[in-house]
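Notes follow once the structure below has been shown.
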Amino acid sequence: MPETNRGVALGATAFLMWGFAALYWPFLSASEPSEVLAHRMVWALLAMCVFLLLARRGWSWLPQVLRSPRQLLLVAVAAVLISVNWWGFIYSVSITQTLQASLAYFINPLMTVCLGVVFFAERLRAAQWVAVGLGVVAVGVMTVAYGSTPWLSLLMASSFAAYGAVKKYVSLDGMQSLTVETLMMFLPALGFVLYLEATGAGTAFSISPGHTALLVGGGFVTALPLLLFGLAARRVPLSVIGMLQFIAPTMMFLIGWLIQGEEMPLSRWIGFLFVWLAVCVFAYDQIRSSRARSAVARAEAARVGAAQAPTPRPEPRV
């Protein structure tokens, strides 16, 4: 499988898992979002250790990373950004505002595409600009529908878009980068968890074994899609990642509307209609571009093959 296709598959899987995560975190509503976030950080490191063990990667690469201030700084910035994003998502779904999370991740691809243009000199085709414009209109309509600036949505969208951009500068692969990120989060998160338990405010062991298992499982729910996202971000342009990111908010929308019963007035329907139209334009443009690239590659391969073919020798005259 070509690297680009592999990246698309990895990215799509990551966003499908993020979409289903909207059903996971409400089971932990008995805990404060800050406590859930701390446990998420702690157990994500355990998950990454398990993944490293299964992949037989070892830790021989870590000392070199620790001796690189630039890489440590980039990974630290990524860790802060993803922590902010995690908190916003946990908080939104815990207060039954999954549609706010959906709006955030509809805004996020627009920010991702713009960052790709500004910082990575990625060029958007005309159809992609049309899709971005439709997305901007959709966001404006849904902002009016909520009656106020959706700060929670903007927080989640901007933090995750910036996280994806920072990961482009990290020279580690997805597994290594995420492992260092969770290492940086581990001690502060563990300290907060121990403080909560010592003061009696923690819920890790006071509710039920099932609740404890869900807190631990949150590390794996967190680490696996992030690992897949990190692998995908290094294989495909940010503009393609931006298109794939519409998978998760669509799933969150369906969960919030059909399962959690959040209200959907006409104004929100109009906003989501513009979003889905933008997705269709993006998808059509991506398919058309992929076919055009394949045709050019086949033509180039045929030309090179013809140029390398041996020239037939003239038959000797009798």
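This structure is a prediction, so every number in the text was calculated from the model and none was measured. Numbers here are sequence positions counted from 1.
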Notebook entry, point to check: So do Tyr24 and Leu214 actually touch side chain to side chain, heavy atoms under 4.5 Å?
Noted result: yes
Check: Just wondering, are more than 12 heavy atoms of other shown residues or ligands nearer than 6.0 Å to CD in Glu197?
Finding: yes
Check: Between Leu215 and Ala204, which heavy-atom pair has the shortest distance, and what is it?
Finding: CD1-CA, 3.7 Å
Checklist line | Spacing of NZ belonging to Lys167 relative to CD1 belonging to Ile82, to within rounding of 0.5 Å | finding: 8.5 Å
Next item on the list: Mind listing the closest non-hydrogen atom pair of Met41 and Ala189 along with its distance?
Entry: CB-CB, 3.5 Å
Note to self: Check whether Glu35 reaches the backbone of Leu196 with its side chain - one donor and one acceptor, N or O, closer than 3.5 Å.
What the structure shows: no
Check: Short question: side chain of Gln71, backbone of Ser171 - any donor-acceptor pair under 3.5 Å?
Finding: yes
Next item on the list: Return the minimal non-hydrogen interatomic distance between Met185 and Ala79, and the atom names on each side.
Entry: CE-O, 3.6 Å
Notebook entry, point to check: Do other residues, nucleotides or ligands put more than 12 heavy atoms under 6.0 Å from Tyr169 OH?
Noted result: yes
Check: Could you go step by step and tell me if Ile255 and Val93 meet the side-chain contact (heavy atoms from CB on, under 4.5 Å) rule?
Finding: CA-CA 10 Å; Ile255 290 170; Val93 298; over 6 Å; no
Note to self: Between Ser94 and Ser29, do the side chains contain a donor N or O and an acceptor N or O under 3.5 Å apart?
What the structure shows: no
Check: Got a sec, which residues hit side-chain hydrogen bond (donor to acceptor under 3.5 Å, both in side chains) with Ser92, two or more places apart in sequence or on another chain?
Finding: none
Notebook entry, point to check: For the hydrophobic clusters of this structure (ILVMFWY residues joined by side-chain heavy atoms under 4.5 Å, transitively), does one cluster hold both Val75 and Leu52?
Noted result: yes
Next item on the list: Could you state whether Val42 and Tyr195 fall into the same hydrophobic cluster, counting links through intermediate Ile, Leu, Val, Met, Phe, Trp or Tyr residues with side-chain heavy atoms under 4.5 angstrom apart?
Entry: no
Next item on the list: Can you measure from OH (Tyr163) to OG (Ser158) and round to the nearest 0.5 angstrom?
Entry: 15.0 Å
Checklist line | Flag, side chain of Ser68 to backbone of Val65, donor-acceptor distance under 3.5 Å | finding: no
Notebook entry, point to check: Does any non-hydrogen side-chain atom of Trp276 lie less than 4.5 Å from one of Thr250?
Noted result: yes
Item checked: Worked verdict on Met264 versus Leu99 for side-chain contact (heavy atoms from CB on, under 4.5 Å) -> CA-CA 9 Å; Met264 277 294 297; Leu99 290 179; 3.8 Å; yes
Side-chain donor-acceptor pairs under 3.5 Å in residues 218-232, sequence neighbours left out?
{"unit_1": "Thr222", "atom_1": "OG1", "unit_2": "Arg40", "atom_2": "NE", "d": "2.4"}
{"unit_1": "Thr222", "atom_1": "OG1", "unit_2": "Gly218", "atom_2": "O", "d": "2.7"}

Notebook entry, point to check: Is there a donor-acceptor pair under 3.5 Å between the side chain of Asn85 and the backbone N or O of Met156?
Noted result: yes
Check: Does the side-chain contact (heavy atoms from CB on, under 4.5 Å) test come out yes or no for Trp257 and Trp269, once each step is laid out?
Finding: CA-CA 11 Å; Trp257 174 45; Trp269 278 115; 3.5 Å; yes
Notebook entry, point to check: Between the main-chain N or O of His211 and the side-chain N or O of Ser208, is there a donor-acceptor pair closer than 3.5 Å?
Noted result: yes
Notebook entry, point to check: side-chain hydrogen bond (donor to acceptor under 3.5 Å, both in side chains) between Gln100 and Tyr91: does it pass, once the steps are laid out?
Noted result: CA-CA 10 Å; Gln100 277 258 28; Tyr91 180 71; over 6 Å; no
Margin query: Are Arg67 and Pro63 packed together at the side-chain level, in the sense that at least one heavy-atom pair is separated by less than 4.5 angstrom?
Written below: yes
Note to self: On a heavy-atom basis, which atom in Ile90 and which in Val36 lie closest, and how many Å separate them?
What the structure shows: CD1-CG1, 3.8 Å
Note to self: The test is side-chain contact (heavy atoms from CB on, under 4.5 Å); show your working for Tyr105 and Ser153 and say whether it passes.
What the structure shows: CA-CA 8 Å; Tyr105 291 104; Ser153 297; over 6 Å; no
Margin query: Quick check on Trp61: does its CH2 atom have over 12 non-hydrogen neighbours (other residues, nucleotides or ligands) under 6.0 Å away?
Written below: yes
Check: Nearest 0.5 Å, what's the CD-CE distance between Glu181 and Met48?
Finding: 9.0 Å
Check: Is it true that the side chains of His39 and Ser31 contain a donor and an acceptor less than 3.5 Å apart?
Finding: no
Checklist line | Considering all heavy atoms, the nearest Val193-Ala38 contact | finding: CG2-CB, 3.7 Å
Margin query: Would a single hydrophobic cluster contain both Ile95 and Phe89, if residues Ile, Leu, Val, Met, Phe, Trp and Tyr are joined by side-chain heavy-atom contacts under 4.5 Å?
Written below: yes
Checklist line | same_hphob_cluster(Leu53, Leu178) at 4.5 Å side-chain heavy-atom cutoff | finding: no
Note to self: Does Trp25, at its CH2 atom, have more than 12 non-hydrogen atoms belonging to other residues, nucleotides or ligands within less than 6.0 Å?
What the structure shows: yes
Note to self: For Ser102 versus Met252, what's the shortest heavy-atom pair and its separation?
What the structure shows: CB-CB, 3.9 Å
Next item on the list: Spell out, yes or no, whether Phe272 and Val144 are grouped together once hydrophobic residues are joined by side-chain heavy atoms under 4.5 Å, including indirect joins.
Entry: no
Checklist line | From Arg268 atom CZ to Leu273 atom CG, the distance as rounded to the nearest 0.5 Å | finding: 16.0 Å
Checklist line | Residues Thr98 and Gln260: side-chain donor-acceptor under 3.5 angstrom | finding: yes
Quiz: residues 15-22 side-chain donor-acceptor pairs under 3.5 angstrom, not counting sequence neighbours:
none

Next item on the list: Side-chain contact test, heavy atoms from C-beta onward, threshold under 4.5 Å: evaluate it for Leu62 versus Gln176 and give yes or no.
Entry: no
Notebook entry, point to check: Between Phe51 and Thr179, is any pair of side-chain heavy atoms under 4.5 Å apart?
Noted result: no
Item checked: Trp151, CH2: over 12 other non-hydrogen atoms inside 6.0 angstrom -> no
